[in-house]
**Student:** 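Could you have a look at this structure, given as structure tokens, before my questions?
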Amino acid sequence: MGSDHRTTSLTVDGPRTAATDGEAKAIKSLLIRDIKDFDQSVPAVVRHDDGTIRPTYIDIWGQDRLIGAALIQPALCVAETLIYRTGTSGVHAAQIREAFAEHAAIIEGIAVVRKHRREGFGSQIKAFCDSWAADHGAELILSIPTNEGARLLNEKAGYTVVPPDGYLTIKVFDAQEQPLHIPYADRRTQDRGTSMWAYKLVGQRTQHFEIGVLTAS
């Protein structure tokens with residue numbers, strides 16, 4: 001989507017978490033339609049909010065119409081990739097999974113219906129996702145921009161966007177602030193179009209993660 005810079009006269013309720021399975025189904029349909037490679041296996045259900053990071057649909061409605069949506073969930077896919085590529089096992093692997101499950105979220109995409117793009121709804125949803133994640137224990141929020149508009153949206157929201165030729169470096173630490181794995185750097189492949197890492201550290205102090213960018217030059 002393009003950058004958000006216009007306002008709209010449409011009366012909206014503001015971003016919130018989906019309240020019913022029917023709303024979650026509508027949100028999932030919008031995300032599948034608008035986001036390339038969206039994981040269609042994610043269930044379209046509303047999960048009980050227990051104060052932890054759980055797969056959660058975010059929506060914004062106007063005059064009983066779905067305007068925009070997002071899915072945010074624990075960044076366990078990143079944990080599993082890190083564990084596999086670093087050859088980490090046993091207790092350390094379990095600690096990495098726990099750190100990502102409890103303190104790292106990933107926004108699996110933000111979509112706004114075509115007629116309401118560039119009206120600020122993407123930024124509203126992004127800000128709500130960030131606030132929700134922080135309130136549920138996240139220290140790190142990840143995102144994967146796949147076009148220029150998404151890159152601009154992430155940068156506007158205070159994310160660091162890793163260039164397509166750069167690497168996202170991640171270190172995960174235990175409670176004694178000791179690293180749990182060998183150095184790890186991940187680069188998004190470009191074989192199916194533009195794909196970039198973006199990240200934001202939230203909270204007053206990040207205890208579990210050290211994040212950086214390594215350029216290919």
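The model shown is predicted, which means the values in this text are computed figures rather than measured ones.
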**Student:** Examine distances only and state if a side-chain atom of Glu102 and a backbone atom of Phe100 form a donor-acceptor pair shorter than 3.5 Å.
**Tutor:** no

**Student:** From Lys171 NZ over to Phe209 CZ, what is the distance, rounded to the nearest 0.5 angstrom?
**Tutor:** 14.5 Å

**Student:** Under the 3.5 angstrom rule, does the side chain of Glu23 hit a backbone N or O of Ala19 as a donor-acceptor pair?
**Tutor:** yes

**Student:** Under a 3.5 Å distance rule, please check whether Lys200 uses its side chain to pair with a backbone N or O of Glu139 as donor and acceptor.
**Tutor:** no

**Student:** For the residue pair Ser143 and Tyr199, establish whether any side-chain heavy-atom pair is separated by less than 4.5 Å.
**Tutor:** no

**Student:** Tell me whether Lys25 forms a cation-pi arrangement with Tyr57, defined as NZ or CZ under 6.0 Å from the six-membered ring centre and within 45 degrees of its axis.
**Tutor:** no

**Student:** Consider only side-chain N and O atoms of Trp132 and Asp130, and report whether a donor and an acceptor are under 3.5 Å apart.
**Tutor:** no

**Student:** Tell me, do Asp59 and Leu66 make a side-chain contact under 4.5 Å, heavy atoms counted?
**Tutor:** yes

**Student:** Side chains of Val112 and Ile60: does their closest heavy-atom pair fall under 4.5 Å?
**Tutor:** no

**Student:** From Arg187 CZ over to Met196 CE, what is the distance, rounded to the nearest 0.5 angstrom?
**Tutor:** 13.0 Å

**Student:** For a side chain to side chain contact (heavy atoms under 4.5 Å, CB included) check, start with the C-alpha distance between Val202 and Ile141, then their side-chain angles and the critical distance, and finish with the verdict.
**Tutor:** CA-CA 8 Å; Val202 296; Ile141 309 175; 3.9 Å; yes

**Student:** Please determine if Asp34 and Arg117 form a salt bridge, counting it only when a charged side-chain N lies under 4.0 Å from a carboxylate O.
**Tutor:** yes

**Student:** Within the structure provided, determine whether Trp197 and Ile170 are in side-chain contact (heavy-atom separation under 4.5 Å).
**Tutor:** no

**Student:** According to the interplanar angle, ranging from 0 to 90°, do the rings of Phe121 and His116 count as parallel (below 30°), tilted (30 to 60°) or perpendicular (above 60°)?
**Tutor:** perpendicular

**Student:** Could you state the interatomic distance from CD1 (Ile58) to OG1 (Thr56), rounded to the nearest 0.5 Å?
**Tutor:** 6.0 Å

**Student:** Between Arg54 and Asp49, is there a side-chain N and carboxylate O pair less than 4.0 Å apart?
**Tutor:** no

**Student:** Between Leu168 and Ile211, is the side chain to side chain contact (heavy atoms under 4.5 Å, CB included) condition met? List the steps.
**Tutor:** CA-CA 7 Å; Leu168 176 71; Ile211 309 296; 3.5 Å; yes

**Student:** Start with the C-alpha distance between Lys115 and Arg65, add both sets of side-chain angles, then the distance that settles side chain to side chain contact (heavy atoms under 4.5 Å, CB included), and finish with yes or no.
**Tutor:** CA-CA 12 Å; Lys115 68 180 293 186; Arg65 292 177 294 168; 3.8 Å; yes

**Student:** Which pair of non-hydrogen atoms, one from Ala70 and one from Ile125, has the smallest distance, and what is that distance?
**Tutor:** CB-CG2, 3.7 Å

**Student:** Indicate yes or no: at least one non-hydrogen side-chain atom of Lys126 is less than 4.5 angstrom from one of Ile107.
**Tutor:** yes

**Student:** Near Asp64 CG, under 6.0 Å, is it more than 12 heavy atoms from other residues, nucleotides or ligands?
**Tutor:** no

**Student:** List, by chain and then residue number, the residues other than Leu214 in its hydrophobic cluster (Ile/Leu/Val/Met/Phe/Trp/Tyr, side-chain heavy atoms under 4.5 Å); write none if there are no others.
**Tutor:** Tyr167

**Student:** Using 0.5 Å steps for rounding, measure from the NZ atom of Lys156 to the CZ atom of Arg151.
**Tutor:** 13.5 Å

**Student:** Holding to side chain to side chain contact (heavy atoms under 4.5 Å, CB included), I want the full list of residues that pass it with Thr86, two or more places apart in sequence or in another chain.
**Tutor:** Leu82, Thr88, His181, Ile182, Tyr184

**Student:** Checking Thr194 against Thr146 for the side chain to side chain contact (heavy atoms under 4.5 Å, CB included) test, could you report, in this order, the C-alpha distance in whole Å, the side-chain angles of both residues, the deciding distance, and whether it holds?
**Tutor:** CA-CA 5 Å; Thr194 301; Thr146 56; 5.7 Å; no

**Student:** Under a 4.0 Å N-O cut-off, is there an ion pair linking Glu108 with Lys28?
**Tutor:** no

**Student:** How long is the span from the CD1 atom in Ile106 to the CG atom in Leu76, to the nearest 0.5 Å?
**Tutor:** 10.0 Å

**Student:** Counting N and O atoms only, with roles assigned by atom type, does the side chain of Thr81 sit under 3.5 Å from a partner on the main chain of Cys77, one being a donor and the other an acceptor?
**Tutor:** yes

**Student:** For the atom pair NE2 (His136) and CD1 (Ile53), what is the distance rounded to the nearest 0.5 Å?
**Tutor:** 8.5 Å

